[in-house]
Protein chains: 2
Amino acid sequence: MQHCYDYPRPAVTTDIVVFTLRNERLSVLLIRRARDPYAGYWALPGGFVEPDETLERGALRELQEETGLTQVYLEQLYTFGEPQRDPRGRVISVAYLALAPLEALQPVAASDAAALDWFEAEHLPEMAFDHRDILALARARLRAKLNYSTLAFKLLPETFTFHELQRVYEIVGEQELDKRNFRKFIRSLNVLQETGETRRNGAHKPALLYRLAGSAVIYHDRQGT
Amino acid sequence: MQHCYDYPRPAVTTDIVVFTLRNERLSVLLIRRARDPYAGYWALPGGFVEPDETLERGALRELQEETGLTQVYLEQLYTFGEPQRDPRGRVISVAYLALAPLEALQPVAASDAAALDWFEAEHLPEMAFDHRDILALARARLRAKLNYSTLAFKLLPETFTFHELQRVYEIVGEQELDKRNFRKFIRSLNVLQETGETRRNGAHKPALLYRLAGSAVIYHDRQGT
DNA sequence: CTTGATAAGTGTAAAAAATACACCTTCATG
DNA sequence: CATGAAGGTGTATTTTTTACACTTATCAAG
């Protein structure tokens with residue numbers, strides 16, 4: 001069945017940049033393209049938006065279909081619309097930034113795993129379309145928002161230690177932080193809740209476990225995107 | 001001539017929130033809709049993206065066609081894609097934030113002026129579609145970016161006095177600022193260039209005129225969108 | 001069960017940044 | 001040439017950020 005319009009229309013897709021921390025590295029989930037264009041190259045998960053779904057639901061659906069992931073934090077990143085970005089024709093892509101702890105990402109195995117892999121943000125393979133640009137923007141955005149949002153927490157499981165949280169800030173922010181000052185900074189956000197539990201982690205004092213307070217807002221200080 | 005595709009495609013439009021300062025108020029340019037849906041309501045300028053133009057060029061073209069404006073600062077704001085946002089069918093809109101000094105906006109008179117008007121951001125008329133939401137987001141974004149960007153300068157003509165710049169920050173930020181501290185803050189950005197000129201403005205000391213240094217970056221401190 | 005190794009957890013002093021605040025300058029007008 | 005009005009300037013105080021070192025709880029090995 002054909003769908004006809006009086007004027008030409010672009011195709012609209014979503015592309016999702018899924019970041020997680022693996023082996024203390026910021027990593028992104030990519031799919032190896034089986035067919036042309038860019039056969040053999042790696043691409044962001046994503047696909048066409050369907051008529052009755054919101055952009056965000058479309059992104060979540062594509063992510064589920066292509067990677068099996070369902071439990072991720074998602075926010076809109078930017079819309080890419082260069083006329084020549086896809087050689088097959090005009091394709092406008094609404095890019096999303098997704099974050100999740102590695103634990104939430106095991107469903108990846110559920111799908112066609114051969115074509116799926118994690119890459120360190122520092123060591124990307126040859127990428128299809130303008131996906132390298134999209135990824136670069138996602139990374140810059142994530143890094144910028146670290147300091148005035150609670151995005152970092154989205155890379156951790158529900159409960160976590162102070163040190164784990166600090167590592168997120170250090171890895172994403174690409175700089176080492178002072179332990180005492182970091183704790184002071186986080187406490188000043190007033191978003192931490194003690195769980196009462198501890199985690200024994202080796203031959204030393206066990207660490208207290210925290211969770212993000214349910215009432216925690218995403219933005220603090222200077223609000224913005 | 002019909003354009004046919006194997007799958008349904010949404011229409012893609014741009015909508016542009018043009019802010020300026022008028023009578024010491026943050027104001028936005030709206031167009032009165034002549035026909036249904038939302039006949040008689042006010043809407044943001046914008047329209048369909050053409051096959052061979054970038055999203056940004058499309059936004060600039062629509063702005064020119066509908067309002068006569070050509071000299072504005074433009075940045076992408078957000079993409080709105082709720083399936084029901086337009087009763088005529090699926091329309092995805094890439095919203096842009098535009099800023100310009102009132103002086104650059106006289107071309108407004110060039111177009112069908114009867115249907116065009118400025119509204120104070122605080123006193124908006126009944127608006128079509130989800131344009132009120134778009135406007136609210138644009139306003140929040142502008143305000144948030146004041147403190148870590150040079151967006152405020154985009155609301156001023158090429159040369160301006162310190163006091164005029166302060167008024168921009170006060171009006172957009174919705175709070176009064178201390179004169180001496182403000183000057184210290186701006187100087188610390190290192191983006192001001194003295195023109196050597198002054199402006200006589202009444203029975204008092206004339207004000208020095210400045211311009212934004214050509215090398216000035218948009219972002220300072222914490223970079224981000 | 002004592003000892004040593006390891007990461008967790010804590011406070012204070014110094015430096016930097018942000019804030020509060022008042023008077024002199026320059027010009028136009030009468 | 002006196003007056004009124006906005007332009008322009010510096011310093012002291014408070015707040016925030018940074019730098020920095022020792023004690024605590026646990027495990028493993030002797």
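The chains referred to below are lettered A, B, ... by the order of the sequence lines, with proteins before strands, and numbering in each begins at 1.
Rounded to whole Å, the distance from CZ on B:Phe162 to P on D:dG7 is 12 Å. The nearest whole Å value for the distance from the CZ atom in B:Phe185 to the C1' atom in C:dA20 is 18 Å. Atom CG of B:Leu189 is separated from atom P of C:dA18 by 10 Å (rounded to the nearest Å). Counting to the nearest Å, the C1' atom of D:dG8 and the CD1 atom of B:Ile186 are 16 Å from each other. D:dT17 atom C1' lies 19 Å from atom NZ of A:Lys179, rounded to whole Å. C:dT10 atom C1' lies 12 Å from atom CG of A:Asp178, rounded to whole Å. Rounded to an integer number of Å, the gap from CZ of A:Arg183 to P of D:dT17 is 18 Å. Rounded to whole Å, the distance from CZ on B:Phe182 to P on D:dG8 is 12 Å.
Aromatic ring orientation, A:Phe129 versus A:His131: tilted (interplanar angle from 30° to 60°). Ring orientation note: the planes of B:Phe182 and B:Phe162 are nearly perpendicular, at an angle over 60° on the 30°/60° scale.
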Subject >> Nucleotide-resolved protein contact map, nucleotides 23-30 of chain D, B/S/- at heavy-atom distance under 4.0 Å >> reply: -BBBB---
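No hydrogens or angles considered: a donor-acceptor pair under 3.5 Å links the side chains of A:Thr79 and B:Thr79.
A donor N or O paired with an acceptor N or O is found under 3.5 Å between the base of D:dT18 and the side-chain atoms of A:Lys184.
Between B:Arg180 and C:dC21 there is no side-chain N or O to OP1 or OP2 distance below 4.0 Å. Side-chain nitrogen and oxygen atoms of A:Arg187 include at least one within less than 4.0 Å of the OP1 or OP2 phosphate oxygen of C:dT10.
Picking from D:dA19, C:dG9, C:dA20 the nucleotide with the shortest atom distance to the side chain of A:Asn181 gives D:dA19.
Contact annotation for A:Asn201: no contact, since no heavy-atom pair falls under 4.0 Å across all strands.
When the shell of 6.0 Å around CZ of B:Arg22 is examined, it contains more than 12 heavy atoms from other residues, nucleotides or ligands.
The CG atom of A:Leu142 lies 8.0 Å from the OG atom of A:Ser149; values are rounded to the nearest 0.5 Å.
In this structure, A:Val72 and A:Leu99 have side chains that are not in contact, with every pair of non-hydrogen atoms separated by 4.5 Å or more. A:Ile134 has its side chain within reach of A:Arg85: a pair of non-hydrogen atoms, C-beta onward, lies under 4.5 Å apart.
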